[in-house]
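Just so it is clear, the structure is predicted and the values come from calculations on it, not from any experiment.
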Amino acid sequence: MPTLSDILGVTVDALFGRLEARREDIEETVRKYIASLPEEKRLGRLIPLMRRAALSGCIDAVTDVVDVDSRDSEMTCIAKDGFVTAISSKGQSFLSAACCEEGVFTDLLSCSENVTRLFSVLSTSSALTMLSKLYSEAPRHRTVGVLANLAGIAQSEAEEILRKFTELKLTEELELETENGSAKVYAVNLNGATVPLLVSARLATWQSSTIKIISDKREYSKEGN
């Protein structure tokens with residue numbers, strides 16, 4: 001019983017339903033539980049925990065709708081202060097959450113000039129291939145020729161793509177001095193946002209037999225705004 005209470009982050013009294021049992025800090029409980037796992041298992045366990053928390057917190061009586069753990073499923077909840085998207089799948093699990101202050105939801109989804117340029121650059125198959133190769137390989141600085149060969153495209157095309165990537169902060173550029181003169185090398189910018197962006201784009205166009213649960217909790221005026 002003590003071992004079980006440690007895993008759950010509650011007292012032994014709480015396991016027996018004693019009324020005087022105190023409530024535990026759920027954030028601290030989850031932190032201790034994840035830290036107790038082997039490092040290679042932490043991410044795999046964290047995603048379903050976050051997804052389950054999102055389901056139980058955003059959708060009322062979801063278990064009365066469908067058994068979402070029985071098969072691949074997708075859950076999306078949109079509220080006036082943010083949104084959550086969670087995918088549960090044997091092949092790919094994904095969770096994204098964005099919270100903002102009340103009244104700035106529109107700003108969160110607004111497309112600036114840089115966002116428009118980003119989608120314009122990624123509209124070509126060669127650019128997507130280049131970006132995919134950059135993120136699938138170990139991060140290191142490489143010359144244009146090496147990256148062109150890696151992506152299977154012409155060097156001139158790779159130079160143009162890398163120039164645009166650098167302007168958009170997708171890659172970083174360095175100039176090295178060699179015995180043959182200066183040379184530019186490039187490495188992927190590990191800002192942590194690009195991979196979720198590409199995964200989200202894939203999921204947005206993903207046609208499958210997964211269960212989809214969508215909850216929109218925004219309030220709409222009579223004028224439809």
- Could you walk me through whether T76 and F83 pass the side chain to side chain contact (heavy atoms under 4.5 Å, CB included) test, one step at a time? CA-CA 7 Å; T76 299; F83 54 86; 5.7 Å; no

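Without hydrogens or angle criteria, N189 side chain to E172 main chain gives no donor-acceptor distance under 3.5 Å. A donor-acceptor pair is defined here as one N or O able to donate and one able to accept, closer than 3.5 Å; no such pair exists between the side chain of S132 and the backbone of L128.
Within the structure, the salt bridge (charged side-chain N to carboxylate O under 4.0 Å, His left out) test picks out the following pairs touching residues 31-44 (sequence neighbours left out): E28-R31. Applying the salt bridge (charged side-chain N to carboxylate O under 4.0 Å, His left out) rule to pairs touching residues 122-131 yields nothing, sequence neighbours excluded.
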Hey, can you pull the donor-acceptor pairs under 3.5 Å for the side chains in residues 148-157, sequence neighbours left out?
{"from": "N149", "atom 1": "ND2", "to": "G145", "atom 2": "O", "distance (Å)": "3.3"}
{"from": "E157", "atom 1": "OE2", "to": "S126", "atom 2": "OG", "distance (Å)": "2.7"}

Could you go through residues 160-168 and list every donor-acceptor pair under 3.5 Å that involves a side-chain atom there, pairing it with any protein atom two or more places apart or in another chain?
{"from": "E160", "atom 1": "OE1", "to": "R163", "atom 2": "NE", "distance (Å)": "3.3"}
{"from": "E160", "atom 1": "OE2", "to": "R163", "atom 2": "NH2", "distance (Å)": "2.5"}
{"from": "R163", "atom 1": "NH1", "to": "E167", "atom 2": "OE2", "distance (Å)": "2.8"}
{"from": "T166", "atom 1": "OG1", "to": "L162", "atom 2": "O", "distance (Å)": "2.8"}
{"from": "T166", "atom 1": "OG1", "to": "T171", "atom 2": "OG1", "distance (Å)": "3.1"}
{"from": "E167", "atom 1": "OE1", "to": "R117", "atom 2": "NH2", "distance (Å)": "3.0"}

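Under a hydrophobic-cluster definition in which Ile, Leu, Val, Met, Phe, Trp and Tyr are linked whenever side-chain heavy atoms come within less than 4.5 Å, directly or via other members, V144 and V185 are assigned to different clusters. By the rule that hydrophobic residues join a cluster once side-chain heavy atoms approach within less than 4.5 Å of another member, L176 and L147 end up as members of separate clusters. Hydrophobic clustering (ILVMFWY, side-chain heavy atoms < 4.5 Å, transitive): L170 and L198 are in one cluster.
Annotation: side chain to side chain donor-acceptor pair (under 3.5 Å) contacts of S123 (sequence neighbours excluded): none. E113 pairs by the side chain to side chain donor-acceptor pair (under 3.5 Å) definition with nothing, not counting sequence neighbours.
Within the model, atoms CG of L197 and CG of L122 stand 7.0 Å from one another, a figure rounded to the nearest 0.5 Å. Between the CD atom in E177 and the OG atom in S182 there is a gap of 5.5 Å [rounded to 0.5 Å]. To the nearest 0.5 angstrom, L118 atom CG is 9.0 Å from S120 atom OG. Residue R142 holds its CZ atom at 14.5 Å from OH of Y186, rounded to the nearest 0.5 Å. Here OG of S125 is found 11.5 Å from CE of M130. Values are rounded to the nearest 0.5 Å.
Side-chain contact check for I78 versus V84: every heavy-atom pair is 4.5 Å or farther apart. Side-chain contact between K184 and L174: absent, with no pair of heavy atoms (C-beta onward) separated by less than 4.5 Å.
Under a cut-off of 6.0 angstrom, the local environment of CZ in F119 is sparse, with at most 12 non-hydrogen atoms contributed by other residues, nucleotides or ligands.
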